[in-house]
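Since the structure comes first, as structure tokens, the remarks are kept for the end.
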Amino acid sequence: MNECGQSGPSLSGSTTRIGVSPTCNRVFVDVSRGGRRRYCMPDLCGNRINAVDHRQRRNALGDK
């Protein structure tokens, strides 16, 4: 089971997953070595999540 609590059947050592980005509902096959992939496209969905997290941390510290 992944971070979302959703996983699919194993496909020769890989797992189907739904990305953790709230703006994306794509399903992908995690074939990463560690099996910890979180996004369908790390450069797109992963960057959006990381940017939002960064902004929230900055705002929590009172930086602008």
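Keep in mind the model is a prediction, meaning the values are calculated, not measured.
Residues M41 make up the rest of the hydrophobic cluster containing L44, defined by ILVMFWY side-chain heavy atoms closer than 4.5 Å, directly or through other members.
Interatomic distance, S21 OG to Y39 OH, rounded to the nearest 0.5 Å: 7.5 Å. Interatomic distance, D30 CG to R38 CZ, rounded to the nearest 0.5 Å: 12.0 Å. Taken to the nearest 0.5 Å, the CD1 atom of I18 stands 11.0 Å off from the SG atom of C40.
Every side chain to side chain contact (heavy atoms under 4.5 Å, CB included) that D53 has, sequence neighbours left out, goes to I49, Q56, R57. Every residue meeting the side chain to side chain contact (heavy atoms under 4.5 Å, CB included) condition with R55, not counting sequence neighbours, appears here in chain and number order: A51, V52.
Of all heavy-atom pairs between N47 and D43, the closest is CB-O, 3.3 Å. When every heavy atom of R37 is checked against every heavy atom of S32, the shortest pair comes out as N-OG, 3.7 Å.
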